[in-house]
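We name chains A, B, ... by the order of the sequence lines, and we start the count at 1 in each one.
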Amino acid sequence: MTKKDDQKPIVFEGASDMPPMSASQGSMSVNKTASWRSIRPIIHEEKCKSCMICWKFCPEPAIFPTSPPTINYDYCKGCGICIEECPFDAITSEKEGK
Amino acid sequence: MTKKDDQKPIVFEGASDMPPMSASQGSMSVNKTASWRSIRPIIHEEKCKSCMICWKFCPEPAIFPTSPPTINYDYCKGCGICIEECPFDAITSEKEGK
Amino acid sequence: MSAETKKVRLTLPENEVMSPGHLACQGCGASMAMRYALKALGRKTILSVPACCWAVIDGPFPYSAVGVPLQQSAFEAAAATASGITNALKSLGKDDITTLAWAGDGGTFDIGLQALSGAVERNENMIYVVYDNEAYMNTGIQRSSSTPHGAWTTTTPVKHYRKGQKKNIMEIIVAHHIPYCATANIAYPEDFIKKLQKAKSIKGAKFIHLFAPCPTGWKHGPDKTVKIARLATETNTFPIYEVENGVYKINKKIKNVKPVAEYLRAQGRFRHLPEDELEYIQSMVNKSYKRLEKLEAAFGESA
Amino acid sequence: MSAETKKVRLTLPENEVMSPGHLACQGCGASMAMRYALKALGRKTILSVPACCWAVIDGPFPYSAVGVPLQQSAFEAAAATASGITNALKSLGKDDITTLAWAGDGGTFDIGLQALSGAVERNENMIYVVYDNEAYMNTGIQRSSSTPHGAWTTTTPVKHYRKGQKKNIMEIIVAHHIPYCATANIAYPEDFIKKLQKAKSIKGAKFIHLFAPCPTGWKHGPDKTVKIARLATETNTFPIYEVENGVYKINKKIKNVKPVAEYLRAQGRFRHLPEDELEYIQSMVNKSYKRLEKLEAAFGESA
Amino acid sequence: MKRVLTGNYAAAYGATAAKVNVVAAYPITPQTTIVEILSEIVANGELNAEFIKVESEHSALAACIGAQSAGARTYTATSSQGLALMHELIHWTARARLPIVMTNVNRALGPGWSIWADATDSVSQRDTGWMQVYCENNQEVYDTTLMAYKISEHADILLPTLVNLDAFFLSHTSQVVDMIDQDRVDAFLPTYAPEYKLDIDNPRSFGSLTSPDHYYEFSYKMHKAHEAAKQIIPEVHAQFAKEFGREYGMTESYRCDDAEYLLVTYGTIAGTTMDAVDRMRDKGIKAGALKIRYFRPFPSEEVRSILKNAIKVGVIDRMISFGHEGAFFTETKAAMYGETVPLYGFIAGLGGRDVSIKDIESMVDKMQAEDPSNLIWIGVKE
Amino acid sequence: MKRVLTGNYAAAYGATAAKVNVVAAYPITPQTTIVEILSEIVANGELNAEFIKVESEHSALAACIGAQSAGARTYTATSSQGLALMHELIHWTARARLPIVMTNVNRALGPGWSIWADATDSVSQRDTGWMQVYCENNQEVYDTTLMAYKISEHADILLPTLVNLDAFFLSHTSQVVDMIDQDRVDAFLPTYAPEYKLDIDNPRSFGSLTSPDHYYEFSYKMHKAHEAAKQIIPEVHAQFAKEFGREYGMTESYRCDDAEYLLVTYGTIAGTTMDAVDRMRDKGIKAGALKIRYFRPFPSEEVRSILKNAIKVGVIDRMISFGHEGAFFTETKAAMYGETVPLYGFIAGLGGRDVSIKDIESMVDKMQAEDPSNLIWIGVKE
Amino acid sequence: MVEIRFHGRGGQGAVKASDVLAMAAFLEGKQVQSFPFFGVERRGAPVTAFTRISDDQIRIHCYIYDPDVLVILDPTLIGAVPLTDGLQPNGKIIINTQRKPEEFDFSGTENPSVYTVDCSSIALKHGLGSEAAPIVNTAILGAVAKATGLVGIDSIAESIMEKIPVKQEKNAEAARESFAQLMG
Amino acid sequence: MVEIRFHGRGGQGAVKASDVLAMAAFLEGKQVQSFPFFGVERRGAPVTAFTRISDDQIRIHCYIYDPDVLVILDPTLIGAVPLTDGLQPNGKIIINTQRKPEEFDFSGTENPSVYTVDCSSIALKHGLGSEAAPIVNTAILGAVAKATGLVGIDSIAESIMEKIPVKQEKNAEAARESFAQLMG
Ligand SMILES: Cc1ncc(C[n+]2csc(CCOP(=O)(O)OP(=O)(O)O)c2C)c(N)n1
Ligand SMILES: Cc1ncc(C[n+]2csc(CCOP(=O)(O)OP(=O)(O)O)c2C)c(N)n1
Ligand code: SF4
Ligand code: SF4
Ligand code: SF4
Ligand code: SF4
C-alpha cells in the first residue's frame, strides 16, 4: 500500500485518520493527465523501427517499451516530444476531439 | 566631536541622552592599553637606521614615524613584533616593572 | 500493453521508478530528468528536494510520483537536509542507500549555494543534482543567477533583459576539489545515467549540473524540449564534461559546432535580442569554451 | 613625539585612520590588516563588518577605533549589507565613497558565502576583504572551512584534528568572473595596499583574500605574527597572486622556497602532527602551487 | 486616479509613490507579482531606484538594512518562508531603529507546502520590535504603505513597519484603488533625511558591542518609541484623512456602539465579518465587529474601551500559537484583564481555508450557546 | 555520579546520555562550550554519533531535520542570533512533527551586539509549535534534556523541544550535577524508533503541497498534540521522579499556598526569586514564587489555579515584546482572564543586566505601593 | 451587490474574464472585486473565478457561494462539477454552447434563466485560438452584458482594450457579436 | 551559605580559582556554585569571580553583592576598584601581598579580618609563572582554606588535581605552602 503501486484515490474522514504530518503515501498515478492533452500522438507501426527513442524521451513516462511502442493515453499529456524526436516520422499528431 | 578625534570618555545619564541605537561616536583612543603590556620595547637610537619597519608593522599603531621612531607607551601592548622585525636589533625588550 | 508486442533492446534501464500522473507541464525537461535519475539509481535512494518545480511535480498530499522516499526541504536547505540524511544513514549503519539532493538552479546557484558549499566541503556522501532551467520557474519565471545573458524573465523585463553571464556553478563546485563533478543534458540520457552510476560508486560528494529546458519559461513549444537541449550542447553553449578528482574531461566534443543563434532563436525568451547581441553571445560562448579546453589541456588526463 | 625628531621616507601612506586603543589581542594580524586597509582607502570609506573579531576590536559602544563610518552586520550578511550601502550611495548620487566589506574567514568561507556569491554575481561596486585567520576566533577558535589540514581547534581536538584541505575561496570567487581578485598577506603591506588602491579604481566587485595570523588561535608568540605570515608565503603555503579580468598573475614568485615544516613547526596548533603528516602537507602544498602555476600558464598575461 | 488593481499592485504602487531609493526583494508566491511589477516600474523609469535582485530574502533585508543605514529609503516585500528566513534581520532592523517598510503577503508556513492565506508568518514576528498593520482591502494596502513610511521615519519612532495582506484574498484580488497624485504624495511624505546614518563627515560605528550597562536602556528606548507611535499614528491618520479624505484608525469599529456580540478580527476576514454583522443585524442579532489594524504597537486601551461594554466578545484568529491559542485572542484577553465580558477564541481559515459569512454567523451561534472557550476551531473535520 | 559542571556541559552530557545519533551544531557565544565538549566527547568515542560541523545554524537545524526524518535521534544547540537564523526551520521542524531537542542559551539579540542573558531569542519562537522549557539550574538542564527526548518522541506528541538556559548565569556557572548511569538512562529512554520516517521499503514523500482541505486539519492535529503533551509531560515527570528521585512540574510553586504577593518568573531569575521570597518571609511579607518551566504548551489552567488566590501577582519578564509588554505577563493575564487579582508586569535583566534579590524585593515594594501596571522597568536609568 | 461565478477549464481564461468584467463595471463607476479560486492551476482542470459588482464598497472577502449569475465557459463541465450549487433563486446562467437554453435541465435550482451562445464559433471566426482550443473568455462577456444588464457592451469593449494584451480589436468584436447573438 | 568574591586581573586565573574552590567544597559534600563576572575578558583588566558554598541547594543566580569572604589576587587593585563594597560585617579579606595585614586600612567595612600571604613568591618558588606574571590562583587557595575553614587543604589539593591541567603537583604544593604561611 505505498506510492510504489498504483492505487485508488485516498480520502480522509478528517484529522483523525490523517497522518500526523504531510506524509504522502499514494501514487500520483491516480491522476490521469489525459485531460491536459490537446493533441494525440499516434504511432504508425509500418514506419516504426522500434528504435525506442520516443520511449526514451517521453517525460511522463506514457510510452511502454514494446515493439512497436505503446502509448498510454491515460497519461500522455500530448507534449509532442515523441513526435518531434522520432527519427522515422513514425508518430503523427491528431487533434484531440474534445 | 567624532570618533576621528581623541576624546574624553563618554558617560550617559541614562536612556534620555543616549542615541536611539547603538551608534558609537567616541574614539577608542580613550582606552589606554598600556596595562596589557608585560614587556616594554625600547628603541636604541644608536642602532636604529630609521628603516621604519617597526612603524610599518606595529598593530596598534603605537609607533610614530619620526627618526628614530617614537613609541607611544600609552598604547603599546608589548606584542614584541617591532622587536622581532627590526632588522638591526635596535629594539630590545624590558620586563614591565609592575 | 498488448500481449503480442515484443521487447526490444533499450539504451536506458527499463525500470520506471517515477510514475506518470505527475504535475509537470507538458514537455518539462525536469520531469524527464527525474525519470532518468531514478532509472540510474533505483529504489534504494532517498531524495532531498527543496522548493522548486519538483516540489510541486511530485504531487499534492497524499500523493507522490516517485517510488522512493522524498523529503521536501526549505528552499535553501536541500544540501544541508541531505547531509543530515546521509549522516543518519551512516550512523544507523545503512550503507547501501544513495542520498540524492535534487534542486533547481535557484535553489543551487542562489539561495541554496551556501548549504551546498558547506556540504561538499565536508565531502558528505551524497549526489547533488541541479536541474538547470535557468530561472525560478515554480514561482513564474523570475531571474536566477543562472539566467543567461540576454534572457527575458518576469523580473528582467524586455527593456531590462538580463545582462551578464550566468554564474558558472561547475567552476565554483570544482573549486571545492570534490571527488566528482559533471555536466549532463536531458538530451543525452545515456550519458547522464552513466554519470549518476559512476557517482553512486564514488564515496563522498558528487555534483551534477544538468541542463533541463522549461518550455513554459523559455517560451518554446513543449515538443521542442529535447531539440533545444541538444542545441545547447551542439552550439557549445552547454558543454558536456566531467572533473574527476581534479582531472578534466570533455565528454562530448562537438564536430560541427552550430551557431548559437540557432539555439537562441528557437526560444521566445531571447526573441527581443538584436543581432549584435547574438554576436556578443556567440563570442562569449566561444570564449568560455576555449577556457574549458584550456582547463582540459592543463588539468586533463594527458596533462 | 619630541620636536627634534625628523620625518623619514615611508613605504606606506602615513595617514592613520585607525586609532590605537582598540581591543585586538597583542600581535593581532587582523588589526594590522585594518590599519593598512584604511591607509590605502582613506576616510571616504564605509565599512560593513559582520560578527567576527573585528566586530569587537572596533570597541564597545560608545567608542570605535576606525575613523570611518562602520555598519556592523549579522554574521552572514556582510556582503548583502554592503550591497545595500553601495546601492544607496549610487541612488543618492554619492560616487566618491568606497564600500568595504570586511569579514573573517568564517563569515566568508562559511556562513557568509552565499551573500558574497550573490553580491559578486551582481557585480556590486564594492571591495570585499576576507582577513583569514583560519578559524572562528571571536568565539574561541572553532574550525571553519578555512582551517587547514592538520590544525587543532576547539572543535577539531587533537584526537580528531582537521582533515582535508581548506576551502579554496579564491578559486571559488574567481569562478564568478569578477573584475578583480587577489590574495595578500599582512607580511607584505605594500602589496596589500597597492592591491586595495587598484581595487578602488575598478568599478564592480573586487575580492581580496588576506592572510592574517592570530597568535591566540594559532598558538604562537604575539611577536611572531609577521614572521609566520611571511613563512606562509615563503613556503608557498599562501601564494600571492591576482586575477584581473580572468588573467592570472603570481605577484611574488619565491626563489628559495622553504619547507612547509618550518611554517608549521612555528605554531602550536600543528604541534601534535607526526612527521608523515608534515610530508603529506608538503606534498599538498606542492600540488596546489603547481596547479596555480598551470593556471597562470593557461590564463596568464602571456597565455 | 482610480484604477482596478490587485493587492500586490497596490503595495508596489504605494512604494513607488513613496519614491523609495532602493528596493531589494526576492520572489515567492504569492508575493511574486509585487517583485515583477516593480521590476517593470523600475525598468520603465517610472521609479528612479536601484533594484537589487538578491539571492535570498535574508539578503533582501540585509541589503535594505545597509541601504537604509546609508540614508536611502528602502522597500522590500515577501511572504511566509521568506519572512521566516529574514527573522534574525527582522529583529536586527528594529534594534537598529531603521524605518524600513516591508510588505508581507500572509501565507501559511510549510511543511506541507501551502501557498494559501494564514497569518502565522507575520504574527510570529510579534516580538521583534516592528510595527505591524493588517489590511482589509487594496485601497488600505496602498494608503497604509504610504503612511507607514511617514510613521516609521518619524524622529520619535524610527521603527520599521510590516504591512500585511492576505494571500490571494488580497494579493490576487482586484479592487478599485484611488492612487494619489505624486505632488500631493511628495507634500505628505518628504524626502528621507535621517539624523543617524553612515556619513563620512560624521563617522559612527553602528551596532557596536553593547554592555548590560547600555543594552537595557536601548531596549527601554525602543519601548518608548512604540509608546510614542501610539500617539503619532493617529496624528498621521488624521493628517492623511484631511489631505486625502480616507480615514483610518489603529482599530476600526463597525456597529460596535450598541453591539452585544462583538467579533474582533483582522485582515480580509474583518471585511467579511462586517458583512456578516449586517446580515445578523438584519436578523435581529446585535452584532458588531472590531477590526484590529495595528497589532504592534498593540492598541490595548482602545481595544478595552470598545469591548468592555459588549455582552460577549469573540476573537477570530487566522493563526494559532500552538500549545496556547490564537495570538490576537491572547492579547485581547490580556488587554481586557479585569473586565468580565465573556471572551471566546476562534481559530479559522488556517492554510487558506475559506471563511464565509456563514462561518462567522456560526461563531455568534456558538457564543450564544456555549461557555467561553479559548479554542473553537471553525469548520474543522475531526 | 555527581560532578561539578557548567550548564553548558550539563546540556552536552544530557544529549550524550540520550545517545543521540547525529549532532549538527554551529558555535556561538555563549553556547560554544557545548559544541566544544561534544566535539571532544565524540572524538573520544564516548558518544557514537556523527557530528556534522555545518557552515551555519540554518544548516545545523536543516541537517537535524534530514537526519531525524531518516530515523536518527538528533541534537543541536545554539543561542540568540543563531536561533533567530533558524527561525524558518524552527517552524519547519514542528510542522514536520520531528521530535528534535535543541538547547538554546538565552542571549540578547543585536544590534548592538550583546552576548548576555535575555530571553527574547527563545520567546520569539513561541508561535512555531515547539515545546519550550526554561531551566533554573544545571541539574535541571541535564534532567530536562533527557526528559525532553522522551516527551518529544512520544507517539501522541511528536513535537520538538527547546530547552533554554540563561547565558552565563547558567551556561558558564558551575554547579553540582548528578549524572545518571547509562543503563538506567537507557531503560528510561529507549532507542528512537519512529513510525514515520524516510524508508525505502515504505517510501513516503514528506512535506508535499498541502491544500486548504488538509492543511487546516494538520494544524488541528498539532494543536491536539500540544494538548496531549499537557497530559504526558506530568506523566514523564512522575516516572522520572520515581526512577531518579528528582521532581519536576510544568510549573513549580514555592511557598505559594498562603502567599499574598506572588511573583511569576522563569529561568535563573526564578531561583533568585525564591531566595528573595525567603528573605521577605523573614521580614514578615507573605511572598511566594511561581516558576514557569513549560512556556509551550502553556500551562494556563495550572497557572490560574495557583495564582487566583493571591492578593497581588507580579510577572517578571527577561524580555519584552516591543509595542506591548512582557510575553509571560501577557500570557499569564490571558490565563487569568476573568479573575480579579491585580497583576503587575515587570521587565528586568534585559541584555544581561543582573537581577538581584534587592531588585526582586523592590518589585514587591512597588506592588504594595502602586496600582497594577503592565510595564515596570526595574532599574532603568531614564 | 451582484455576485458572478465563472466556470471554465485551465487555459480557457476564466480568470481573465472575471477581471475584464470587473473592469467594465468599474468604468461605469461601480465598486468591483474579481479573483480566482486560488489553486495550482493546471491545463484542462476545472477553474473557477469570481466577480463582485456593487454600488457600495465591497468588504466581503470570501469565495462566492451563492452567486446571482453563473458563467460557464465549457459545457463539458456541466454534470462533471456541481456548477449550480448555491445559485440564487431567479439566478442567471450563461453558457458557451451550440445548444439552446431549453436543452439544459437545471432542476434543483430555483427558477433560473438560462442563456446560451456559441462563443467557440464566434471566437474562431475572429481568429481567437484554435479549433482545439478556441479562446472564448472575451466573447462570452458580450453575452453576460446582454443577459444581466450589469454593464454596457461598450464598457466591456473598453475593458478588453485595457486588460487584454493581444488582438484587442478582435476580442472586442467577438464580445459585440455574442452580445448580439445571445439566446435566452 | 557562604559567598566568596575573587578579584584579580585578566590572566591571573581568578576564575579558575573560584572553580577550584567550589570543586574542593563539593568534594566535601557541599552544594556549590562558581562563575565569573561575564565580560569580554582582556589581559590586565580587573576580573571578578564568585563562589557560593552551602549545605543546601543553591538557588540564587545573581552576582555576589554582599560577600562573606574577599580574595584579592593582585594588591594593586586595592584602591583602584571598590573591592570591599558590600562585604559583610566581620567578613574576611585574603590578600596576596608581601605586606602584613595591619598595613591595610579597610575602614568603611565593619570589622573585617584581614589575612595576607605572599603567593607570588610561593608560586615562583614552585615554578608557577614568571617573575613578571606569577600564577597565584592556586597558591592563594591554601590561604583561603586556612583563613575561612570552609574546606580542608586536602580537598583543595584534590580539586587542583582535577581542575588544573598542568603542573598539578606544583600547584598543590604551592597551596599547601600558603596554607602553612598564612598571616592574619
Ligand atoms: C525562503 C523561500 N524563498 C522563496 C520561496 C519561493 N520559491 C519557491 S520555488 C522558487 C523558485 C525555484 O526556482 P528553482 O530553484 O530554479 O527551481 P524551478 O522552480 O525552476 O524548478 C521560489 C522563489 C520559498 N519557497 N522559500
Ligand atoms: C548567526 C550567527 N551565528 C554565530 C555567531 C557567533 N559568532 C560570532 S563571530 C563568530 C566567528 C567568526 O569567525 P570568523 O568569521 O572567522 O572571524 P574571526 O572571529 O576569526 O575574526 C561566530 C561563530 C553569530 N554572531 N551569528
Ligand atoms: S521513435 Fe519512432 S521509430 Fe523509434 S520506437 Fe518510437 S515510434 Fe518507433
Ligand atoms: S506526446 Fe509527450 S507525453 Fe505523450 S507520449 Fe509523446 S512524449 Fe509522451
Ligand atoms: S625597525 Fe629598527 S631600525 Fe627600523 S626604524 Fe624601527 S627601530 Fe629603527
Ligand atoms: S611591542 Fe607591539 S604594540 Fe608595542 S610598539 Fe612594538 S609593535 Fe607596537
Shorter than 4.5 Å, heavy atoms on both sides: which option in [options] has the most such pairs with chain E?
options	result
F/L159, F/L343, F/T93	F/L343
F/P297, F/S124, F/G352	F/S124
F/F298, F/W130, F/W92, F/F295	F/W92
F/Y294, F/W113, F/Y216	F/Y216
F/G110, F/S211, F/A94, F/P342	F/G110
F/H91, F/E325, F/H87	F/H87

4.5 Å side-chain heavy-atom contact, [X] and [Y]:
X	Y	answer
F/F328	F/V303	no
F/Y220	E/L350	no
E/S80	F/E88	no
E/S208	E/H214	no
E/I90	E/L83	yes

Check whether [X] gets within reach of chain F through its side chain, its backbone, both or neither, counting any heavy atom under 4.5 Å.
X	value
E/S114	both
E/M131	neither
E/W116	side chain
E/E339	both

Residue selection (most heavy-atom pairs with chain F, distance under 4.5 Å) from [options]:
options	result
E/N374, E/V341, E/T128	E/V341
E/A229, E/G338, E/A108	E/A108
E/T120, E/D213, E/D354, E/I347	E/D213
E/G207, E/A335, E/A225	E/G207
E/K381, E/K333, E/R353	E/R353
E/G379, E/P212, E/A84, E/S300	E/P212

Self-check item: Check: E/Q81 main-chain N/O paired with E/R107 side-chain donor or acceptor under 3.5 Å
Solution: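 Flag not set: sc E/R107 to bb E/Q81 has no pair under 3.5 Å.
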Exercise. Answer yes or no: is there a donor N or O on one side and an acceptor on the other, between the side chain of F/D118 and the main chain of F/G351, under 3.5 Å?
Key: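 Confirmed, F/D118 side chain pairs with F/G351 backbone.
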Below 4.5 Å from any heavy atom of chain E, which atoms of [X] appear? Answer side chain, backbone, both or neither.
X	answer
F/L375	side chain
F/T340	backbone
F/D121	neither
F/Y215	side chain

Quiz item: Would you call F/R293 and F/E302 a salt bridge, taking side-chain N to carboxylate O under 4.0 Å as the test?
Solution: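 The answer is no: the pair does not qualify as a salt bridge.
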Quiz item: Hey, is E/E217 close enough to E/K224 for a salt bridge, meaning N to O under 4.0 Å?
Solution: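 Between E/K224 and E/E217 there is no salt bridge, as every charged N stays at least 4.0 Å from the carboxylate O atoms.
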Quiz item: Once you round to the nearest 0.5 Å, how far does CG of E/N104 lie from OG1 of E/T161?
Solution: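 Spacing of CG (E/N104) from OG1 (E/T161) equals 13.0 Å.
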Quiz item: For F/E301, what residues pass the salt bridge (Lys or Arg N to Asp or Glu O under 4.0 Å) criterion, not counting sequence neighbours?
Solution: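 F/E301 satisfies salt bridge (Lys or Arg N to Asp or Glu O under 4.0 Å) with F/K230 once adjacent residues are dropped.
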Quiz item: Between the side chains of E/S59 and E/Y26, is a donor N or O closer than 3.5 angstrom to an acceptor N or O?
Solution: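 Note: E/S59 and E/Y26 side chains miss the donor-acceptor criterion.
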